[in-house]
Protein chains: 2
Amino acid sequence: MATGRTHRPATRSRGIPEATVARLPLYLRALTALSERSVPTVSSEELAAAAGVNSAKLRKDFSYLGSYGTRGVGYDVEYLVYQISRELGLTQDWPVVIVGIGNLGAALANYGGFASRGFRVAALIDADPAMAGKPVAGIPVQHTDDLEKIIKDNGVSIGVIATPAGAAQQVCDRLVAAGVTSILNFAPTVLSVPDGVDVRKVDLSIELQILAFHEQRKAGEEAMETMPDGLPSAATTQESADKGPDGDVPAVMPA
Amino acid sequence: MATGRTHRPATRSRGIPEATVARLPLYLRALTALSERSVPTVSSEELAAAAGVNSAKLRKDFSYLGSYGTRGVGYDVEYLVYQISRELGLTQDWPVVIVGIGNLGAALANYGGFASRGFRVAALIDADPAMAGKPVAGIPVQHTDDLEKIIKDNGVSIGVIATPAGAAQQVCDRLVAAGVTSILNFAPTVLSVPDGVDVRKVDLSIELQILAFHEQRKAGEEAMETMPDGLPSAATTQESADKGPDGDVPAVMPA
DNA sequence: CCATCTTTGTGCACGCGTTCACAAAGACAT
DNA sequence: ATGTCTTTGTGAACGCGTGCACAAAGATGG
């Protein structure tokens, strides 16, 4: 991820591939659901179906954590929940601050999913003096001026940025300077951070644009579907791209 | 990551790699900013820096769209904005419905980023009869009973699900049955959809858990830092953080 | 028109992630 | 014990994405 891939191999940090880490929360959620139904064990096939992934992939993912399964039986649900939680670091408390209490920030503050997994909203911070003291989700909003003090007093290492794009980098810099080393960014901007700081981005606009791309593609294919026996037109098949990269008419250009 | 989708044969992408598609919105944003500053052309190096990616990667990405650059000069900003917009399907209007007008749904409705790129909130839908008619972000909330009619009347093909996890699959099924073929899911659930329907997931809880994993790892390494020689954190301000392959991704609600 | 300089476009190699397919391991019945 | 059956754990092949490094293309200046 954002870890220094630029220079060194990163010590093969833990041997757990990034892609696997990203799926662990998914498994954990499925396992938690099973646990609540008091299901004692589950096979890789069943769990994979519940998590929406390939069973071989799931087994390989778990193999990175160790051999926690029993051949011929499956995995012990409770045990696996514990192991994954521990691996993800969810057995400890993670104080989090949310900066930027607008529509989105407030929604995040009210979001119940935080507490459910060891994440605790330690503070809400906003630049608007009028918001100071006003409670949102039961937590009084504090002013940006106190950002550094809040971070340090609460030992916060994870920050959530929900400010407008223009303020994001500045807020980011202050968070990092104050000791935050992981940032979840909702502002539509590319954040620049020093090595050792992780940034994950959540961008609604980008998600929609990606959907639009596929939607357009589907619409195009569908239009061709009315033709005689819809054989795969050259324009829609991919793989060996020996043909020119622009298999489409470039249309015109605006100056 | 490419990404968080549900199933996908991926065998139908018209030659443009999924990873590239996911970056196009990023380039578009950077280009739009340049355009507003009336910058006529940019080199791959400059644009790559602005978008936070490797310049070779950017050039390769653009090569999938065609040869839109001029050697020795760079890319024409306006022209590129147009080409990418067209490729992403942003030159047309995309009516979108948001289902589930709670904290998050309301925040999404108020989010300005939608309209900025051809996405238009055609309707807000909620299961609570008490919400019916109540305006949110200037748009009256409609009841779930009319979901099918709303989808069809507005020609909606993109739906946003911001309901609690328990209702998500049911809402999803109805959206798909009514003709929606692209879904942006904020509910913490794995949605099951028929072939041909794209699902992108935004899960806040998962994002935080991934950050927690790395945070824990960092804490562990730091504890060892007093030991063998030191491979201190190497470069400090190396430039922007390099994002993971999927770059995008996402966030969410209660589990 | 030729030389030089800049920047694109891409061939190539490498590494990560995914998936198949199967041997090994254990449960369970006889 | 022995055999059968189930399910894990993983070796190996494959495909995708990334980034280097360089030749080709065009601009620019003499």
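By convention in this document, chain letters (A, B, ...) are assigned in the order of the sequence lines, proteins followed by strands, and residues within each chain are numbered from 1.
At whole-Å resolution of the value, CD1 in I16(B) and P in dC16(D) are 15 Å apart. Spacing between atom OH of Y68(A) and atom P of dG26(C) amounts to 17 Å, rounded to whole angstrom units. Residue L58(A) contributes atom CG, which lies 16 Å from atom P of dG17(C) at whole-angstrom precision. With rounding to whole Å, K57(A) atom NZ is found 19 Å from dG11(D) atom P. In this structure, CZ of R23(A) is placed 15 Å from P of dC16(C), rounded to the nearest angstrom. Rounded to an integer number of Å, the gap from Y64(B) OH to dC16(D) P is 10 Å. For E45(B) and dG19(D), the CD to C1' distance is 12 Å, given to the nearest whole Å. For the pair F62(A) CZ and dT7(D) C1', the computed distance is 14 Å after rounding to whole Å.
Residue Y75(B) is in sugar-phosphate contact alone, with no base atom involved, counting any heavy-atom pair closer than 4.0 Å across all strands shown.
Side-chain polar atoms of T20(B) and D61(B) form a donor-acceptor pair below 3.5 angstrom.
T32(A) places a side-chain N or O within donor-acceptor distance of the main-chain N or O of L28(A), the cut-off being under 3.5 Å. The backbone N or O of S55(B) lies less than 3.5 Å from no partner atom in the side chain of E45(B), so there is not a single donor-acceptor pair.
Contact annotation: S44(B) does not reach the phosphate of dT7(C) (side-chain N/O to OP1 or OP2, under 4.0 Å). For the OP1/OP2 pair of dC20(C) and a distance below 4.0 Å, the side-chain nitrogens and oxygens of N54(A) include at least one atom meeting the criterion.
Nearest-nucleotide assignment on DNA chain C puts the 5′-proximal partner with G72(B), out of A56(A) and G72(B).
Separation of the Y68(B) and F62(B) ring centroids does not fall under the 6.0 Å cut-off.
For K60(A) against dT19(C), a side-chain-to-base donor-acceptor contact under 3.5 Å is present. Counting distance only, with no hydrogens placed and no angle test, the side-chain atoms of R71(B) and the base atoms of dT7(C) include no donor-acceptor pair under 3.5 Å.
Atom CD of Q170(A) is surrounded by 12 or fewer heavy atoms from other residues, nucleotides or ligands within 6.0 Å.
In the set dT8(D), dC20(D), dT18(C), the nucleotide with an atom closest to the side chain of R59(A) is dT8(D). Set against dT19(C), dT18(D), dA27(C), the side chain of T70(A) has dA27(C) as its closest nucleotide. Closest to the side chain of S43(A), from the set dT8(C), dT7(D), dT19(C), is dT7(D).
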